[in-house]
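Here the structure comes first, spelled out in structure tokens, and everything after it is commentary.
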Amino acid sequence: MATKARVMYDFAAEPGNNELTVNEGEIITITNPDVGGGWLEGRNSKGERGLVPTDYVEILPSDGKDQFSCGNSVADQAFLDSLSASTAQANSSAASSNNQVDILAQIGCIESFSQSPPSSSSPSPSSSINKVSSGNDPWSAWNASKSGNWESSDGWGAKPEGTAAQRNTSNNWDTAFGHPQAYQGPATGDDDDWDEDWDEPKASSPYFKDSEAAEAGGAPRGGSRAGASSMKLPLNKFPGFAKPGMEQYLLAKQLAKPKEKIPIIVGDYGPMWVYPTSTFDCVVADPRKGSKMYGLKSYIEYQLTPTNTNRSVNHRYKHFDWLYERLLVKFGSAIPIPSLPDKQVTGRFEEEFIKMRMERLQAWMTRMCRHPVISESEVFQQFLNFRDEKEWKTGKRKAEKDELVGVMIFSTMEPEAPDLDLVEIEQKCDAVGKFTKAMDDGVKELLTVGQEHWKRCTGPLPKEYQKIGKALQSLATVFSSSGYQGETDLNDAITEAGKTYEEIASLVAEQPKKDLHFLMECNHEYKGFLGCFPDIIGAHKGAIEKVKESDKLVATSKITPQDKQNMVKRVGTMSYALQAEMNHFHSNRIYDYNSVIRLYLEQQVQFYETF
């Protein structure tokens, strides 16, 4: 009997992409449950066939009835099928197999019930809008802890491995801006999986509070991963993020000597990363549409050209996504890694979306090229400089087997500075936490005000000017009907005044795209950066708390006095890394805001001079 599925969300097919338009509540027949890349092939009641996102449908029981309590999504059903098969093999008797199947059915019911479908007021994957003040604010957990009370139930403090994979918004505010020297600046899948298309359903989230604002002039953008949605990486797959966590670094008897060393020196502004003698950027351009699976699936490929080599390589979005995850897993405990623009299903091949995604990928690459540690890392260099498919896959496998990830990244850092005492370490950490939290509040406030101003400039304000203009022209028309010969000049003047007000309406509506847009983009990018700091600070606080407990551990002979000294020294290394990163952050912040505020004010002056 053919498998039936109920559509959970509306999906509009892309023209010419072999997709099937379906509506919420519609029943379709699944003709191919796993086309690849998160898609399945289905047939509707009209006999039309095409591709539908796997996560958009829910498998119905074999009797064809919709039983809410036991309906499973395609992904859940596949999991239960595989689990059922493995269970049957492990049990030789038929009775045992039947019992296992009954248990699995109950598990399916429990999972389906606990993961109830979204209510009518809940946003669907293609329409949820990210608000500035999100209920999933990454600072909420940070604020909930009282000063000095960073310990979890096991006494280790906030664990970075649980939330360090939060994605944050990184956006292009002006790709024309360069950057001077500082201080004068996807999962471990098989290769077959690597060929799958990862463009899966994701929430759309412009920096406006609602879609009306976006339509009024805001460019479409991907969902904020620091606010409305945070993507949790399967951290248990990566060494360094697995438990026991911070103690893996603090209590290691002997740290491995990695080939990649990250020096930290003391400069005019305190600890700082060592910047390369020459900097480079990477130009993202020439988006081209490609296809696979005999034309069933399409994708967009971008050309990347590092300015230091001028040799181009091609990458799809999923390759960027893979790089982001590798950087996050390797450096995320010490360095805030901004996220990519989000994935989406519908509208992927529209010109406006491709242009905006390319701009934001450009901004992300520029930001990565600016960082002295990220830009010089082996995985980043390999991403830009591979010469053929064999070299790419070899480098990919090597990066995925890297064991110096998570908290172990601190073992690669060598501060050329004296050891710090614990009091000074804690003070530095508190200072960073206080500043980043305050800046996060300030950025969100400016975003809120900017959203309101954008909506006003693109909505009611131009309409008011248009009304005034039309009213003046109507009055001039009435005056002209009097037949009095001496009022021609007056009527002409009133008419021109009315037309001027209509022109003013157009100017007011277009102005935010020339100045406010860049200010909003810059703030969104920094909102994403700041969303990384609670996890980073949490890791440092957890390490500090563990050192404070070390006296008890020494007294009970769980660790030696030498172990305690090593812990203090290693926490000091973490502190130097945090200070170096903050100095890099501040230098970029000063440059970026100086540039974008100057641009904003210059455009505002030109706007008012127009009148």
Side-chain angles (χ1 to χ4, degrees), residues 142 145-164 235 238-258 260-266 270-271 330-335 373 403-433 533-582:
W142 190 83
S145 300
K146 296 181 180 179
S147 177
N149 184 25
W150 287 80
E151 299 176 45
S152 63
S153 58
D154 63 357
W156 273 98
K159 294 285 194 299
E161 63 270 19
T163 55
L235 299 181
F238 305 109
F241 275 84
K243 288 187 176 182
M246 185 57 68
E247 64 269 28
Q248 183 182 7
Y249 168 64
L250 292 179
L251 294 177
K253 292 297 182 182
Q254 185 174 0
L255 296 176
K257 295 183 178 180
E260 292 182 88
K261 287 291 184 181
I262 303 176
I264 302 173
I265 61 175
V266 178
K330 185 170 181 64
F331 298 106
S333 293
I335 299 171
V373 176
E403 295 185 357
L404 291 174
V405 296
V407 294
M408 295 308 295
I409 191 62
F410 294 109
S411 67
T412 68
M413 298 178 181
E414 295 184 338
E416 300 176 9
D419 294 341
L420 299 172
D421 63 72
L422 193 61
V423 174
E424 185 178 2
I425 291 172
E426 190 167 17
Q427 290 175 346
K428 296 290 185 182
C429 185
D430 289 340
V432 171
F533 277 101
D535 292 328
I536 294 175
I537 295 169
H540 286 261
K541 286 286 187 178
I544 292 170
E545 290 300 322
K546 195 59 185 177
V547 173
K548 288 181 178 180
E549 294 177 2
S550 60
D551 288 333
K552 297 179 181 178
L553 298 176
V554 171
T556 55
S557 300
K558 292 184 178 179
I559 64 173
T560 66
Q562 182 61 45
D563 290 334
K564 177 186 175 180
Q565 293 180 14
N566 290 339
M567 290 173 67
V568 175
K569 183 178 180 62
R570 290 170 186 176
V571 172
T573 298
M574 294 176 64
S575 180
Y576 277 121
L578 180 62
Q579 294 175 62
E581 182 56 32
M582 285 308 298

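Computed from a predicted model, the values in this text were never measured in an experiment.
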Between side-chain atoms of residues 416-424 and protein atoms elsewhere (two or more places apart, or another chain), which donor-acceptor pairs fall under 3.5 Å?
residue	atom	partner	partner atom	Å
Asp419	OD1	Lys569	NZ	3.3
Asp421	OD1	Val423	N	3.0
Asp421	OD1	Glu424	N	2.9

### Query
Between Leu250 and Lys546, is any pair of side-chain heavy atoms under 4.5 Å apart?
yes

### Query
Say you draw a straight line from CE of Met567 to NZ of Lys564; how long is it, rounded to the nearest 0.5 Å?
9.0 Å

### Message
Nearest 0.5 angstrom please: Ile262 CD1 to Thr573 OG1, how far?
### Response
11.5 Å

### Nearest heavy-atom neighbours spanning Ile335 and Ile536
C-CD1, 3.9 Å

### Query
Would you call Glu247 and Val407 a side-chain contact if the rule is heavy atoms closer than 4.5 Å?
no

### Message
Check whether Ser575 reaches the backbone of Gly572 with its side chain - one donor and one acceptor, N or O, closer than 3.5 Å.
### Response
no

### Task
Could you pull out the closest heavy-atom pair between Ala543 and Met246, with the gap in Å?
CB-CG, 4.0 Å

### Task
Kindly assign one of parallel, tilted or perpendicular to the pair Phe410 and His540, based on the angle between their ring planes and the thresholds 30° and 60°.
perpendicular

### Query
Short question: side chain of Lys330, backbone of Leu404 - any donor-acceptor pair under 3.5 Å?
yes

#### Entry: Nearest heavy-atom neighbours spanning Ser333 and Gly406
OG-C, 3.4 Å

### Task
For Tyr249 and Arg570, work out which heavy atoms get closest and say how close.
O-NH1, 2.9 Å

### Single hit among Val571, Ile425, Ile264 for side chain to side chain contact (heavy atoms under 4.5 Å, CB included) with Tyr576
Ile264

### Message
Donor-acceptor check, side chain of Thr560 to backbone of Asp563, threshold 3.5 angstrom: yes or no?
### Response
yes

### Contact summary for Leu553 and Thr556, nearest pair of heavy atoms
O-OG1, 3.2 Å

### Query
So which heavy atom on Ile544 is nearest to which on Cys429, and how close?
CD1-CB, 4.2 Å

### Message
Are Met408 and Gln248 packed together at the side-chain level, in the sense that at least one heavy-atom pair is separated by less than 4.5 angstrom?
### Response
yes

